Undergrad: 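Structure below; questions to follow.
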Amino acid sequence: MRFINFINKLDKRWIYLVLALCIIIPFLFPIGFPMKTTAPVKSIYDFIEDSIPEGGVVLIGADYDPSTMAELHPMAKVIATHALSNNLRVLFVTLYPQGAGMAQDVIENVLREWNNSNPDNQKELGKDITLLAYVPGVSAVVLKMGEDIIETFNEDGYGNKLSDLEVMKEIKNYNDIDLMVELAGSAVVLTWLIYANGRYGLNVGIGTTAVSAAEYYSYLQSKQAIGMLGGLKGAAEYENLLSKKGVYWGRKDATVGMDAQSSAHIFFIILIVLGNIAYFVSKKQKGGR
Amino acid sequence: MALSSNFWIWIAAILTLAIYSFLYKDNPFYKFAEYLLVGISIGYGISVYWHNTIITKVFNPLVYDKNFLVLIPLLLGLLMFSRFFKNVAYLSRIPIAFVVGAGTGLSVPSSFEFLFKQVYATMPTKLDIGIIIIVIGVISTLIYFFFSLEHKGFVGRVSRVGITFIMVAFGAAFGYTIMARVSLFIGRIQFLLSDWLGIIK
Amino acid sequence: MLKGKGIPVFITFIVGTIMIFSFFIPHKPFGDLEKISLNWYSIIAGFTMLLGVDSLIGMHYRKITRRTGNWGYSIVLIAGFTGTVVIGIIETIRLGTAFNEASYFTYIYNYFIVPLQSTMFSLLAFFIASAAYRAFRARNFDATLLLITAIIVMLGRVPLGEQISPNLPKFTEWIMQVPQMAAKRGIGLGISLGALGVSIRILLGIERSYLS
Amino acid sequence: MKKIFFFILSISLFILIFSQEKPILTFLGEDTPDSIVKNFTIDASDIPNDGGGGIELKWDSPEILKDWFISIIRIDEDGKRVLLTTDIPILSKQVRDVNSEEEPDRVIDSKGYNYWGILSKKFITEELLQILLDTFDFKEGLYSFNDDTFFVLSKTQMVYSKASWFNFLRLAVLISLIIISLTFLYYLNLAKKGKDLYIRKINGLDAVEEAVGRSTEMGKPIMYILGIGYVTDIPTIAGLTILGRVAKKVAEYETKILVPSYDPVVMTTAQEVVKEAFTEAGRPDLYNKNDIMYITQDQFGYAAGVDGMMMREKPGAIFLQGLFFAESLILAETGHSIGAIQISGTTETAQLPFFVAACDYTLIGEEMMAASVYLQKEPMMLGSIAAEDFLKVIIMSILVLGFLLSFLGSGLKIEFFKNLFDILYQALQV
C-alpha cells in the first residue's frame, strides 16, 4: 500500500531521472536488446555474403547530410565493413555536395577500425576503398556511369586520377558493379531505381530513414530493390548480423541508439501501467469506504 | 578521447546542463540560461532582420533598382510607431488592417485547396475495409464538429463515434511521436558524452 | 472618421478581396501579389520588432534601475542582447558580413543559440513522459481507448513489439494509416471550414476585435 | 551573309586543324544515319495558366534514343543565345524554360524565341558548349567534335510566352468559392432577419469564468499565451478574439492578465484588445501596457522565457490559444506543474494530443475558431456557424455519394456508375 501511495503522489522528477538513466545507460554500457532480423535487411546481408565473388565491387551512395546522419551513417559503416570483410572493393558515390564529407568520414572510420583489428589483412584507401569525386548532374551522372564510370568522375574524392587507382581495376560500368546500396532520406533513391536498375539492371539496395521507409516497400515487392535498411532499426539489425559473423569492431551506434529508444519506450509503458494500477487500487479503496 | 579542450564546446555544454537543471526545479542556472537565450536570440533576430529586410528588401530595391513600391510598406511600418503618441495611436490600425486583410485573403484560397485535397484523398477509389473505416471516421468526426445542432439522439450517437475516432488518433499520434522526442535527448547526450566529455566515440 | 474602425475594416475588405481574386489571376500584377504581400509583411513586422525590443528591453531596464525582481538576470539579458548586436556590427565591418564562417557572430549562433535551443527542444522527451503518466489513466471508455492505442503504437515502434508478434509493427502502421488518418482528416476539414468562417467574418467586418 | 560567315568559320576551323592540335568541330553532313533522329522534333509552347515568362518544351522519346542526352540552346529574336540545359536524358521527355524575376536571361513575354536541340550520346564538353554559344552557325545535321559525334536538330517554331488572365486549373475552386460565399450570405441574411440560431455547448469555454474566478480567489494572475503565430494566421486572430472575452472577465474580477508574445505585431494588437476589453468592462484604470510584453521571436527562446515567467509569476489560470508547434507541451507541462487551470486550443492537429493530455480543457480545431461566436452569440456570427455546418453536410454528401458510386461501380461492376465516380473524382482534383 505504501508503494501505491508513492505511485499516486509520484514526484515528476523521479520520472525524469529514470527516463534520463534509461537513455544514458545504453550509451555507457550497451545492452543489445534482442531483435529479429527483418527480411529486407537480411536480403542485403545475404547478397553481400553469398552472391558476390571475392574482388567484387559494392557501390555505396552517400546522399545524406548531418540532419539524417544519425540514422544513415551507421548504415554506411556496416555495409562498407561487411564488404571489406569479404574482400570486396567499396566505392562511395555522392550526387550531392554534402554527401562527400559524410562519405569521407565513414571511409576514415571504417579503415581505422578495420586496420586496428586486422593487422594481417590491412586495407588501403585507393586499393580497397575510395570515394568518387562529386560531379553535378544527379540523374545524368547516374546514367553516365552506366556507360563509363572512370570517364564520369575522372578523379576520386581526394584528387587522385581514377585510372591510376588499383581499386578501379577492371571497372568500366555497371556491369562490373555487383551491388549498389543507396543511402538517402530523399527521393534520390528513385533516381537509382529508375535509371540504374531500370535501364542497366544494376542490383540496388536501399538504406533510408524510418520516416521514408514506408514509401519504398512497393519497390521491394516489385523486386526493383533487393532489400532495404529502414531507420536506426534496420542499421541495428545489420550491426547485429555483422557482430554475429564476428567482423564488426566499431561502436555499434545504431544498436546503442535503438537500445536507448527501446528502454525509453518500455519505461513509458511501465509508467503508464503502474499509473493505472495505482489509479484502480485507490479508486477501489475509495469505493470500499 | 578525453575531456574537450575547446572553450566553445565547454560553453555549449554548460548551457545545456543549465537548461536541464530546470527539470529539477527553477534555479539560478536555468534563469541565467533563459535570460541569456532570450537576450541573444533577440539580438540575433534584429541582426538577421537588418540583413534580410532593411538591406535586401528596402535599401537595395530603393537605391539600386529605384523600386519605389517598397515605400508603401515602409510607410505602413512607420505608422506602427504612432503607438508611441497617444493622440495619433489609432493610425496603427491601418497597417494592422492591411496585414490582416492580406492574411485572410491569402488563407481563403488555401483553405479551399486543403478542403478539396482532403475530400479527394478520402474518395473510395477501391473498396476495402480500411476505406470504409476512413469514410465512417471522417463523417463521424465532422458530425462532432456540428455546432448548430444539439448533440442528442442520432447526431449525439454519431458524434460519440467521432470522439472515439479522435481519441484513437490522439493516442496513436502521441505514441508515435515519442521516438522523435527521445531522439532529441539522445542527440544532446551524444554531444555531452562525446564532444564534451569524450567518454564515448 | 479615421479614429473609428470603419476605414480599417474597409482596408481589410479591399486588400482581402484582391488577394482572393489574385489566386485565380496569374497575370501581372495579381500573380505576384502573394509574394509581394509576404515581402511587405516582413518589412512592416520589422518595424514592429523595434516596438517589441522597446517593450522587452524597457521592462528589464526598469527592473534594473528599480532593483526589482530578478534584476540581476535582467542584466544578463541586456548584456546578451547588446553583446550580440555589437559583435554583429563589428564583424560586419571586419568581414563584410556577419554571417561568415569565421565570424564570432556565427560562433554565437553555433555555441550559444543552437545548444540552448536544441536543449529546450529536448526537454520534450521528459515532458512527454510526465504528460503520458498523468493523462493515460483508464478513467472512462475514451481514455482507455486513448491509452491502449498509445501503448500498441509505442510497442510497434521498437524491436520488442516484433518479439511479441511480428504483426504488431504492421498493425501500428495500419492504425496510423486508417483510424488516425480518418480523424485527422475530419479535424482538418473542420479547421478549414472554421478558417473560412473566420476569414469571411473578418472580411465582412463582423469580427473586428483584432482592430481594437 | 550567313553563308559567308559559315565559310569564314570553316576556313578558320581549317586553319585551326593544321595550326595546332585543338579540338575540331566538323560538319559531317545533313544526312543522319538514323531516320528516327531526323524525325525527332521538339515542340515548344507557352505554359498555360501562368503569369507569363515560361515556355515548355516537349519531345517524344523513341526507344532507339533511350541512351541519348539532349542539350537545348535558346536563341531570341535578336539572336542572343542562352543555354537552357545540358545533357538531360531524352527519357525525361520535357523541360521548362522558367526563371525567377531576378534572372536577367529569363523568358520575357511577347518576345519570340527559337530553341535548338543538340542530341549526343556523351556529355557535351565545356569547350564545345562555348563554341555552340559563341560562334557556332546553327544548321541541322550531324557533326563531330573530338571524335564524338552529335546531332544538331531543327529549331522549333518561333514561340512567345504570354501571361493568362485566368487560371483554368482553378475553375472548380472558383465555382465552389461562389457557392460557399452564397451559402454564407444566405445564412447571414437569415440571421439578420432575426431567425433564432443555436450553438452547441463548448466545454472549454464554459470553464473560462471558473478559471478566471478561481485564479482571482487565489490572488494569482491569469496568463494568456497566443503561441508562435503571426497576425496573418487565422488561429492567432481567433486567439486574439478569445483574448478579448477573457480580458473582459479579468477586468470584471479586477485581476491581472499577462500576455507574453512571440510576434511584435501580435503584441501590439493584443495590447489594444486588452485595453478595449478593460474599457468595455469599465475598468480602464486597471490596464497596464507592460503586462503584455514581447519575449522573443525564437521558438525555443520564447518557450524558455514563458516557462520562466510561469515559474515566477505562478498564474492560477493559463490560456493557450493560437498557433502552437513543438513548444506546446513544454508550455503545457510547466503550466501543469505550477498547478494552474489550463484551457488550450489550437488548429495544429499534431499538437492536439499533447494539449489533451496536459490541459484541463482543450478546444479542438474548429471549436477554437467557433469560440468567438460562442462567447459573443451575436446573430450574424451565429449565421456564419450555421453556414459552416451546411457546408459540412455538403462534404458528407459528396463522401457518401462517392462511396455509393464506388460500391455500385467497382463493387457491383456497373460501368455507368464507375464512369460517374470517375467524373466526380476528377472534379475534386485541384
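Note that this is a predicted model, so its numbers are computed, not measured. Lettering follows sequence order; numbering is per chain, from 1.
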Undergrad: Taking side chain as everything from C-beta outward and backbone as N, CA, C, O, which of these in D:Ala427 sits under 4.5 Å from a heavy atom of chain B? Side chain, backbone, both or neither.
TA: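 Only the backbone of D:Ala427 comes within 4.5 Å of chain B.
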Undergrad: Below 4.5 Å, heavy atoms only, C-beta onward: do B:Tyr44 and D:Asp298 meet side chain to side chain?
TA: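 Contact flag for B:Tyr44/D:Asp298 side chains = no.
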Undergrad: Go through the atoms of D:Phe407 and report whether side chain, backbone, both or neither lie under 4.5 Å from a heavy atom of chain B.
TA: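 Contact with chain B is through both the backbone and side chain of D:Phe407.
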Undergrad: Counting heavy-atom pairs under 4.5 Å with chain B, which one of D:Ile385, D:Val265, D:Val231, D:Leu177 comes out on top?
TA: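 If we count pairs closer than 4.5 Å to chain B, D:Leu177 comes out on top.
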Undergrad: With only heavy atoms counted, which part of B:Ser107 is less than 4.5 Å from chain D, the side chain, the backbone, both or neither?
TA: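 The side chain, not the backbone.
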Undergrad: Does OH in B:Tyr24 sit with more than 12 non-hydrogen atoms of other residues, nucleotides or ligands closer than 6.0 Å?
TA: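 Check fails, neighbour count at 12 or below.
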Undergrad: What do the steps show when you test D:Ile395 against B:Ile139 for side-chain contact (heavy atoms from CB on, under 4.5 Å), and what is the final call?
TA: CA-CA 9 Å; D:Ile395 291 174; B:Ile139 291 183; over 6 Å; no
Undergrad: Under 4.5 Å from any heavy atom of chain B, what part of D:Ile364 do you find: side chain, backbone, both or neither?
TA: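 Contact with chain B: backbone and side chain both.
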Undergrad: Please classify the contact between D:Phe421 and chain B as side chain, backbone, both or neither, with a heavy-atom cut-off of under 4.5 Å.
TA: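 Only the side chain of D:Phe421 comes within 4.5 Å of chain B.
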Undergrad: Out of D:Gly411, D:Ser406, D:Gly402, return the one with the most heavy atom pairs under 4.5 angstrom to chain B.
TA: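 Most pairs with chain B among the choices: D:Ser406.
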Undergrad: Give the member of D:Ala303, D:Gly365, D:Ala357, D:Gly305 that has the highest number of heavy-atom pairs under 4.5 Å with chain B.
TA: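 So the answer, after comparing D:Ala303, D:Gly365, D:Ala357, D:Gly305, is D:Gly305.
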Undergrad: With a 4.5 angstrom heavy-atom cut-off, is it the side chain or the backbone of B:Phe146 that approaches chain D, or both, or neither?
TA: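 For B:Phe146, the contact with chain D is made by backbone and side chain together.
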Undergrad: Under 6.0 Å from the NZ atom of D:Lys275, do we count more than 12 heavy atoms belonging to anything else shown?
TA: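 12 or below, so no.
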Undergrad: Given the options D:Thr268, D:Val173, D:Ile199, D:Asp233, which has more heavy-atom pairs under 4.5 Å with chain B than any of the others?
TA: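 With the most close heavy-atom pairs to chain B, the winner is D:Thr268.
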Undergrad: Quick check: closest heavy atoms across B:Leu37 and D:Gly301, and the distance to 0.1 Å?
TA: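 The answer is CD2-CA, 3.5 Å.
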Undergrad: Please round to the nearest 0.5 Å and tell me the distance separating atom CZ of B:Phe116 and atom CZ of D:Arg170.
TA: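 Here the interatomic distance stands at 12.0 Å.
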Undergrad: Counting heavy atoms not belonging to B:Phe29, are there more than 12 under 6.0 Å from its CZ?
TA: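 No - once you tally the heavy atoms of other residues, nucleotides and ligands closer than 6.0 Å, there are 12 at most.
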Undergrad: If you measure from the Lys or Arg side-chain nitrogens to the Asp or Glu carboxylate oxygens, is any gap between B:Arg83 and D:Glu272 under 4.0 Å?
TA: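 Answer for the salt bridge query: yes.
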Undergrad: Measure D:Glu367 against the heavy atoms of chain B and call it side chain, backbone, both or neither at under 4.5 Å.
TA: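 Both parts, backbone and side chain.
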Undergrad: Start with the C-alpha distance between D:Arg200 and B:Glu150, add both sets of side-chain angles, then the distance that settles side-chain contact (heavy atoms from CB on, under 4.5 Å), and finish with yes or no.
TA: CA-CA 6 Å; D:Arg200 79 157 157 92; B:Glu150 213 169 335; 5.9 Å; no
Undergrad: Is any side-chain heavy atom of D:Met311 less than 4.5 Å from a side-chain heavy atom of B:Phe22?
TA: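 In contact.
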Undergrad: At a heavy-atom separation under 4.5 Å, does D:Ser337 approach chain B through its side chain, its backbone, both, or neither?
TA: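 Looking at D:Ser337, nothing touches chain B.
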Undergrad: Under a 4.5 Å heavy-atom cut-off, does chain B meet the side chain of D:Val356, its backbone, both or neither?
TA: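 Only the side chain of D:Val356 comes within 4.5 Å of chain B.
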Undergrad: Can you tell me which portion of D:Ile180 sits under 4.5 Å from chain B's heavy atoms? Options are side chain, backbone, both or neither.
TA: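 The side chain, not the backbone.
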Undergrad: Go through the atoms of B:Tyr144 and report whether side chain, backbone, both or neither lie under 4.5 Å from a heavy atom of chain D.
TA: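 Contact with chain D: backbone and side chain both.
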Undergrad: Got D:Asp307 and B:Glu34 here, is their nearest side-chain heavy-atom distance under 4.5 Å?
TA: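 Contact flag for D:Asp307/B:Glu34 side chains = no.
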Undergrad: Report yes if the side chains of D:Arg312 and B:Lys31 come closer than 4.5 Å at any heavy-atom pair, otherwise no.
TA: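 Yes, close enough: below the 4.5 Å cut-off.
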Undergrad: For B:Phe174 and D:Phe354, take the angle between the two ring planes, folded into 0 to 90°, and tell me which bin it lands in: parallel under 30, tilted 30 to 60, perpendicular over 60.
TA: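 Plane angle between 30° and 60°, so tilted.
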Undergrad: How far apart are the closest heavy atoms of B:Ser148 and D:Ala386, and which atoms are they?
TA: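 Smallest heavy-atom distance, with atoms named: OG-CA, 4.3 Å.
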Undergrad: Sort D:Leu401 into side chain, backbone, both or neither according to what part of it lies under 4.5 angstrom from a heavy atom of chain B.
TA: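 For D:Leu401, no heavy atom lies under 4.5 Å from chain B.
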Undergrad: Under 4.5 Å, counting heavy-atom pairs only, tell me which of B:Leu127, B:Ile40, B:Val138, B:Thr122 racks up the most with chain D.
TA: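 Max contact count across the listed options: B:Leu127.
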Undergrad: Please assess B:Ile42 against D:Gln297 for the test side-chain contact (heavy atoms from CB on, under 4.5 Å), listing each intermediate value before the final yes or no.
TA: CA-CA 7 Å; B:Ile42 295 197; D:Gln297 208 150 13; over 6 Å; no
Undergrad: Using only atom types and a distance under 3.5 Å, with no angle test, would you say the side chain of D:Lys392 pairs donor to acceptor with the backbone of B:Ile143?
TA: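 Here the side-chain-to-backbone pair does not exist.
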Undergrad: Show the nearest heavy-atom pair for residues D:Ala326 and B:Arg181, with the distance to one decimal.
TA: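 Heavy atoms of D:Ala326 and B:Arg181 come nearest at CB-NH2, 4.4 Å.
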Undergrad: B:Thr125 versus chain D, heavy atoms under 4.5 Å apart: side chain, backbone, both or neither?
TA: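 Interface part for B:Thr125: both.
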Undergrad: Please check: side-chain N/O of D:Tyr198 versus main-chain N/O of B:Phe147, any donor-acceptor pairing under 3.5 Å?
TA: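 No, because the side chain of D:Tyr198 does not come within donor-acceptor range (under 3.5 Å) of the backbone of B:Phe147.
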Undergrad: Test side-chain contact (heavy atoms from CB on, under 4.5 Å) on D:Thr232 and B:Leu106; report intermediate values, then the result.
TA: CA-CA 9 Å; D:Thr232 44; B:Leu106 287 175; over 6 Å; no
Undergrad: Of all of D:Gly308, D:Pro264, D:Ser410, which one pairs up most often with chain B through heavy atoms under 4.5 Å apart?
TA: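 Result: the option with the highest number of such pairs is D:Gly308.
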Undergrad: Look up atom CD in D:Glu366 and atom OG1 in B:Thr141, then write down how far apart they are to the nearest 0.5 Å.
TA: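 So the CD of D:Glu366 and the OG1 of B:Thr141 are separated by 12.0 Å.
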Undergrad: Provide the closest heavy-atom pair for B:Leu142 versus D:Met396 in the form atom of the first, atom of the second, distance.
TA: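 Shortest heavy-atom contact: CD1-CG, 3.9 Å.
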Undergrad: For D:Ile234, is it the side chain, the backbone, both or neither that has a heavy atom under 4.5 Å from a heavy atom of chain B?
TA: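 For D:Ile234, the side chain is the part near chain B, not the backbone.
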Undergrad: Measuring heavy-atom distances to chain B, does D:Ile295 have an atom under 4.5 Å in its side chain, in its backbone, in both, or in neither?
TA: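 For D:Ile295, backbone and side chain are both near chain B.
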Undergrad: Output the option from D:Ser176, D:Ala370, D:Ala172, D:Gly409 having the highest count of non-hydrogen pairs under 4.5 Å with chain B.
TA: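 When all of D:Ser176, D:Ala370, D:Ala172, D:Gly409 are compared, D:Ser176 has the most.
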Undergrad: With a 4.5 angstrom heavy-atom cut-off, which part of B:Leu149 approaches chain D: side chain, backbone, both or neither?
TA: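 Backbone only.
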Undergrad: Mind listing the closest non-hydrogen atom pair of D:Pro353 and B:Phe170 along with its distance?
TA: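 The pair with the smallest heavy-atom distance is CB-O, 3.6 Å.
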Undergrad: Please classify the contact between B:Ile96 and chain D as side chain, backbone, both or neither, with a heavy-atom cut-off of under 4.5 Å.
TA: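 Interface part for B:Ile96: side chain.
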Undergrad: Under a 4.5 Å cutoff for heavy-atom pairs, which residue among B:Pro124, B:Pro109, B:Ser41 has the most contacts with chain D?
TA: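 Answer, by heavy-atom pair count under 4.5 Å with chain D: B:Pro124.
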Undergrad: More than 12 heavy atoms of other residues, nucleotides or ligands under 6.0 Å from CG of B:Asp65: is that the case?
TA: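 Correct, the count exceeds 12.
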